[in-house]
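Whatever order the structure lists them in is the order used to number ligands and atoms, beginning at 1.
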Amino acid sequence: MIRFEEVYKFYNDTAVVEDFSLEINEGEFFVLIGPSGSGKTTTLKMINQLIHLTEGTILIDDKRISDYDLQELRWNIGYVLQQIALFPNMTVEENITIVPEMKKWSKEDMHDRVTELLDTVGLDPDKYRNRQISELSGGEQQRIGVIRALAADPDIILMDEPFSALDPISRSRLQKDVVELQHKLKKTVVFVTHDMQEAINLGDRICVMNQGRIEQVGTAEEILKHPANDFVKEFLQTGLPHYQEEKTVQHLIDNDYITRTSDAPSTASIEADAPVNDLLLLMADHSTVKVTHADQEDCMVTRDHLVHYLASQVNTDKEASAS
Ligand code: ADP
Ligand code: MG
């Protein structure tokens, strides 16, 4: 439903988004992640034309964004920012109904909408609707920011690091709220973060960006199991304290846990690119297993090899938790 076709953004002669092509599906929770300066905000703002792309095309429902009436486009795209852009001296209700007001909803519809939205994020409507924004905590304000973006029932919601200024408790509370809301309402959400754990918690798919380019797009599982390159691997390692690449049987061979012998008897075999866990399962029933490899000589693993390898992992885990 949102399609980027070879999109570039230049400032002077510098590309800050480069050759960006991908499709975000209807109802998808799509996360853009990358280090600071990698072009996430620029990419997000090009969708609602707060920033104009330099080259390429962005389409929403197969129509170029430049062919939409700008006001219609913005009204149909909710936007939530890190720095809470609420009006501090207006009430909760007044803040939430800004776009419905512009769309000339009736007083009654707006009142009902505010009740419904406050309920969905666990704020008592009677207690909160007439409060000033300045009387709310940071977490409460950010919840209002989220439901304000939903107020006029847009199809798309853009969120730019909406929770990064919050304490960990408010943050995980709001992450849960947003996931629930999205499952219920089936909105298309494009969510920017630099926090890998948050990306994994929230995203149906994740796009890893670096220096304006896409490094990898996939589900959390795909990215964790098969990081596309060294950049993604390093990003995972720094962002997730307990991240470990899925080890393959080949990893055991490369690190000399398996000695190349070819004369032991074997009744079972496994391919070198299989996960170590598959080998473990196989070795529950077989004391030796043949490892096959397309380009290398076959070799044998014994239970001794595997135990040796597993023991080395116990030591690494101890070191990791001690540091
Ligand atoms: P992110 O959100 O991933 O931190 P941004 O999209 O905000 O990154 O910025 C990407 C790059 O574009 C950065 O190097 C930033 O300095 C640069 N940039 C952003 N806005 C402008 C601008 N108005 N003029 C020149 N460079 C800009
Ligand atoms: Mg940013």
Query raised in the report: Has ligand 1 got any nitrogen or oxygen that is less than 3.5 angstrom from a nitrogen or oxygen of Thr42?
Result: yes
Requested in this report: For Glu140 and Tyr128, test the side chains for any donor-to-acceptor distance below 3.5 angstrom and give the result as yes or no.
Outcome: yes
Query - CD1 on Ile144 to CD1 on Ile133, rounded to 0.5 Å - result: 5.5 Å
Query raised in the report: Can you tell if the side chain of Ile77 reaches within under 4.5 Å of the side chain of Ile60, non-hydrogen atoms only?
Result: yes
Query raised in the report: Short list, please: which atoms of ligand 1 are under 4.0 Å from a heavy atom of Ser36?
Result: 4 (O)
Query raised in the report: Do Asn48 and Ile156 come within less than 4.5 Å of each other through their side chains, counting heavy atoms only?
Result: no
Report summary line: From the list Asp124, Thr91, Thr115, side-chain hydrogen bond (donor to acceptor under 3.5 Å, both in side chains) with Arg129 holds only for Thr115
Report task. Look at atom 17 (C) of ligand 1 and say which protein heavy atom is nearest, naming residue and atom and giving the distance to 0.1 Å. Result -> Val16 CG1, 3.8 Å
**Report entry** Heavy-atom nearest neighbour in the protein, as seen from atom 10 (C) of ligand 1, with distance rounded to 0.1 Å
**Finding:** Gly37 O, 3.5 Å
Query raised in the report: Cluster question for you: counting only ILVMFWY and a side-chain heavy-atom cut-off of under 4.5 Å, with indirect links fine, are Trp105 and Val92 together?
Result: no
Query raised in the report: For ligand 1, which atoms have a heavy atom of Pro35 less than 4.0 angstrom away?
Result: 3 (O)
Report task. Measure the acute angle between the ring planes of Phe191 and Phe163, then classify it against the limits of 30° and 60° as parallel, tilted or perpendicular. Result -> tilted
Report summary line: Of all protein heavy atoms, the one nearest atom 21 (C) of ligand 1 is Tyr11 CE1, 3.3 Å
Query - Protein residue, atom and distance nearest to atom 8 (O) of ligand 1, heavy-atom basis - result: Gly39 N, 3.2 Å
Query - Protein heavy atom at shortest distance from atom 7 (O) of ligand 1 - result: Thr41 CB, 3.7 Å
Query raised in the report: Can you find a side-chain donor-acceptor pair between Glu72 and Asn76 that sits under 3.5 Å?
Result: no
Query raised in the report: Can you check whether a protein heavy atom sits less than 4.0 angstrom from atom 1 (P) of ligand 1?
Result: yes
Report task. Examine Thr42 and say whether one of its N/O/S atoms is closer to the Mg ion (ligand 2) than 2.8 Å. Result -> no
Query raised in the report: Is atom 15 (C) of ligand 1 in close reach of the protein, with a heavy atom under 4.0 Å away?
Result: no
